[in-house]
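To keep things clear, I will list the structure first and then write my remarks on it.
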Amino acid sequence: MYQTSRLRGDSPVTIIGAGIAGAWHALLLAEAGRAVTLHERSDAAMTESTSYFAGGMLAPWCEAEASEPVISRLGIRSLELWRQHVPETPFNGSLVVAHPRDRADFERFARLTSGHRRLDAEGVRALEPSLEGRFRDALFYPDEGHVEPRRVLPRLHAAIAKAGGAIKFGSDAEATDLDGLVIDCRGLAAHDREPSLRGVKGEMIVIETSEVELARPVRLIHPRWPLYVIPRGDGRFMLGATSIEAEDNGVSVRSALELLGAAYVVHPAFAEARIVEFGAGLRPAFPDNLPKIRIEQERITVNGLYRHGFLLAPALAELTLAYLARGEIDNEVMQCA
């Protein structure tokens with residue numbers, strides 16, 4: 001194994017990629033007293049980042065239905081980090097509902113997950129008055145949360161600067177051109193170093209209406225993938241997210257119909273909503289859909305967050321910090337060359 005002494009102490013750190021993984025690494029390292037420079041190829045709006053099109057779900061208990069236990073373990077730890085570093089993060093819980101024809105899938109979801117309680121129709125109404133009479137029951141995960149990626153990323157970037165870190169937007173940095181410790185958080189752009197990476201497309205639609213109010217994400221059970229209605233404030237809602245094995249950034253007619261149909265099932269008033277935006281992001285994933293922190297000499301690669309970027313990024317950054325500070329290794333996530 002490479003001797004890590006040069007990676008510890010006060011040596012400066014360069015991070016490539018200011019999306020959610022890079023931002024959390026820069027924040028925790030800067031707050032730990034390291035000299036941090038964060039490079040991002042796009043501008044401060046982050047419109048070229050996968051994070052720009054993310055749902056921002058912080059739902060480790062719900063994700064247990066289709067993910068390995070390590071996702072829930074790291075995700076639950078991340079919730080604490082969100083609370084500590086971004087105390088305004090809303091933790092209003094998640095609500096899971098289903099169309100009557102998908103009842104069997106609803107019960108399966110309940111069996112495979114924990115941390116929820118069942119609500120009857122009155123419980124659904126009390127929690128979300130707009131859904132009165134829409135569902136006879138639901139699963140409520142009270143400890144889950146969500147963030148608005150396009151609002152929270154600037155907050156993280158501001159916190160990095162406040163902690164003494166430097167951010168260089170419009171900087172298409174190459175790790176080979178940089179001295180010292182480099183942490184590569186480029187996502188799918190790191191395919192040159194991680195050939196097994198693939199892009200998994202997640203499509204989304206933003207709609208606007210004053211006829212529906214929701215305080216938390218509503219997850220609708222679907223035969224192919226879970227579909228979400230996520231409140232964004234000011235009468236806007238994000239509908240997402242598909243998981244398609246494709247590396248283009250277009251939104252298909254089929255996906256648009258399914259996303260809009262899901263919104264209609266949640267509440268018919270969404271049929272009159274105004275469509276504000278279509279979009280798609282490419283989530284970086286390894287063949288096993290699990291995140292990895294690879295350590296090779298003075299280069300650390302953090303990638304493969306798949307559709308769990310906002311859920312996992314804080315805990316992964318904490319693992320990297322623990323390695324640099326104390327040489328700690330999490331064998332489920334970290335690999336040393």
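Checked for salt-bridge contact, Arg155 and Glu148 miss the test: no charged N lies under 4.0 Å from a carboxylate O. With respect to Arg111 and Glu107, no salt bridge is recorded, no charged nitrogen being found less than 4.0 Å from a carboxylate O. Ionic pairing of Arg73 and Asp330 is present here: one or more N-O contacts between side-chain nitrogen and carboxylate oxygen are shorter than 4.0 angstrom. Salt-bridge formation is not detected for the pair Arg186/Asp172: no Lys NZ or Arg NE/NH1/NH2 atom is positioned less than 4.0 Å from an Asp or Glu carboxylate oxygen. Ion pairing between Lys201 and Glu203 holds under the 4.0 Å rule for side-chain N and carboxylate O. A salt bridge between Arg125 and Asp120 is absent, with no side-chain N of the basic residue lying under 4.0 Å from a carboxylate O of the acidic one. With salt bridges taken as basic N to acidic carboxylate O contacts below 4.0 Å, one links Arg151 and Asp234. Ion pair Arg83/Glu80 flagged as a salt bridge, since at least one NZ, NE, NH1 or NH2 atom sits closer than 4.0 Å to an Asp/Glu carboxylate oxygen. Using a 4.0 Å cut-off between charged nitrogen and carboxylate oxygen, Glu128 and Arg216 count as a salt-bridge pair. A salt bridge links Glu194 and Arg294; the closest N-O separation between the charged side-chain nitrogens and carboxylate oxygens is under 4.0 Å. For the pair Arg150 and Glu277, the salt-bridge criterion is met [side-chain N within less than 4.0 Å of a carboxylate O]. With salt bridges taken as basic N to acidic carboxylate O contacts below 4.0 Å, none links Glu40 and Lys168.
A donor atom on one side chain and an acceptor atom on the other are not found under 3.5 Å apart for Glu211 and Thr209. Between the side chains of Ser42 and Glu48, not a single donor N or O lies within less than 3.5 Å of an accepting N or O. Counted by atom type alone, Tyr141 and Thr113 present one or more donor-acceptor pairs between their side chains at under 3.5 Å. Between the side chains of Asn289 and Arg283, not a single donor N or O lies within less than 3.5 Å of an accepting N or O.
Ser130 contributes a side-chain N or O that, together with a main-chain N or O of Glu213, makes up a donor-acceptor pair within less than 3.5 Å. Using a distance-only test at 3.5 Å, with no hydrogens or angles considered, no donor-acceptor pair links the side chain of His308 to the main chain of Leu312. With hydrogens and angles disregarded, no donor-acceptor distance shorter than 3.5 Å links the side chain of Ser72 to the backbone of Glu68. Put simply, the side chain of His157 gets close to the backbone of Ala18: a donor and an acceptor are under 3.5 Å apart. In this structure, the side chain of Ser78 engages the main chain of Leu74 through a donor-acceptor pair within 3.5 Å. Of the possible donor and acceptor atoms, one in the side chain of Arg34 sits under 3.5 Å from a partner among the backbone N and O of Ser11.
In this structure, Arg118 forms no cation-pi arrangement with Phe140, as its terminal cationic atom is not both closer than 6.0 Å to the ring centre and no more than 45° off the ring axis.
Cluster membership check: Leu197 does not share its hydrophobic cluster with Val333, using side-chain heavy-atom separations under 4.5 Å among Ile, Leu, Val, Met, Phe, Trp and Tyr. Cluster membership for Leu305 and Ile16, using ILVMFWY side-chain heavy atoms within less than 4.5 angstrom, is not shared. Placement of Leu311 and Phe109 within a single hydrophobic cluster is found when ILVMFWY residues are connected by side-chain heavy-atom separations under 4.5 Å, directly or transitively. Under the 4.5 Å side-chain contact rule for hydrophobic residues, Tyr306 and Phe310 do not share a cluster. In the hydrophobic clustering of ILVMFWY residues, with side-chain heavy atoms under 4.5 Å counting as a link, Val266 and Val206 come out apart.
Here the closest non-hydrogen pair linking Gly55 and Ile230 is O-CD1, 3.7 Å. In this structure, Leu95 and Ala138 approach most closely via the heavy-atom pair CD1-CB, 3.8 Å. Between Asn303 and Gly187, the shortest heavy-atom distance links the atoms ND2-O, 2.9 Å. When every heavy atom of Pro268 is checked against every heavy atom of Arg134, the shortest pair comes out as CD-CZ, 3.5 Å. Contact record, Leu282 with Ala246: CD2-O, 3.4 Å, taken as the closest heavy-atom pair. Across all non-hydrogen atoms, the minimal contact from Val182 to Leu178 is CG2-CB, 3.9 Å.
The side-chain heavy atoms of Ile295 and Thr301, taken from C-beta on, include no pair separated by under 4.5 Å. Taking the side chain as every heavy atom from C-beta outward, Ile20 and Leu153 approach each other to under 4.5 Å. Looking at Ile71 and Pro291, their side chains come closer than 4.5 Å, going by heavy atoms from C-beta outward. Taking the side chain as every heavy atom from C-beta outward, Leu220 and Val265 approach each other to under 4.5 Å. Contact check for Val124 versus Glu122: no side-chain heavy atoms found under the 4.5 Å cut-off. Contact of the His85 side chain with the Leu28 side chain is registered, since non-hydrogen atoms from C-beta on lie closer than 4.5 Å. Contact check for Tyr323 versus Met334: side-chain heavy atoms found under the 4.5 Å cut-off. Side-chain atoms of Leu324 and Leu181, non-hydrogen and from C-beta on, do get closer than 4.5 Å to each other.
Ring-centre distance between His146 and Tyr228: not below the 6.0 Å cut-off.
The side chain to side chain donor-acceptor pair (under 3.5 Å) check on Arg101 picks up nothing, with sequence neighbours excluded.
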message: Would Glu245 and Arg198 count as a salt bridge (charged side-chain N to carboxylate O under 4.0 Å, His left out) here? Give the steps.
response: CA-CA 8 Å; Glu245 296 290 335; Arg198 75 188 195 282; 2.8 Å; yes
message: side-chain contact (heavy atoms from CB on, under 4.5 Å) for Val96 and His116? Distances and angles first, verdict last.
response: CA-CA 10 Å; Val96 176; His116 60 76; over 6 Å; no
query: Would Asp184 and Arg299 count as a side-chain contact (heavy atoms from CB on, under 4.5 Å) if you check the C-alpha gap in whole Å, the side-chain angles of each, and the deciding distance to 0.1 Å?
result: CA-CA 7 Å; Asp184 187 341; Arg299 184 188 183 111; 2.5 Å; yes
- prompt: When you look at Arg41 and Ser171, which way does the side-chain contact (heavy atoms from CB on, under 4.5 Å) test go after all the steps?
  reply: CA-CA 5 Å; Arg41 65 181 179 179; Ser171 175; over 6 Å; no
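Expressed to the nearest 0.5 Å, how far CZ of Arg254 lies from CD1 of Ile244 amounts to 8.0 Å. Between atom CG of residue Asn249 and atom OG1 of residue Thr50 there is a gap of 10.5 Å, rounded to the nearest 0.5 Å. Residue Ile300 holds its CD1 atom at 5.0 Å from CD1 of Ile183, rounded to the nearest 0.5 Å. Distance CD1/Ile15 to OG1/Thr37: 9.0 Å, rounded to 0.5 Å. Considering CG of Leu290 and OG of Ser67, their distance stands at 8.5 Å, rounded to 0.5 Å. Rounding to the nearest 0.5 Å places CG of Asp43 at 8.0 Å from CZ of Phe169.
Crowding of Arg103 atom CZ: a count of heavy atoms from other residues, nucleotides or ligands under 6.0 Å exceeding 12. Under a cut-off of 6.0 angstrom, the local environment of CG in Asp192 is crowded, with over 12 non-hydrogen atoms contributed by other residues, nucleotides or ligands.
Ring pair Phe270/Phe237 is perpendicular by interplanar angle, where above 60° counts as perpendicular and below 30° as parallel.
Legend: side chain to side chain donor-acceptor pair (under 3.5 Å) pairs involving residues 259-275, not counting sequence neighbours, sorted by first then second residue: Glu208-Arg274.
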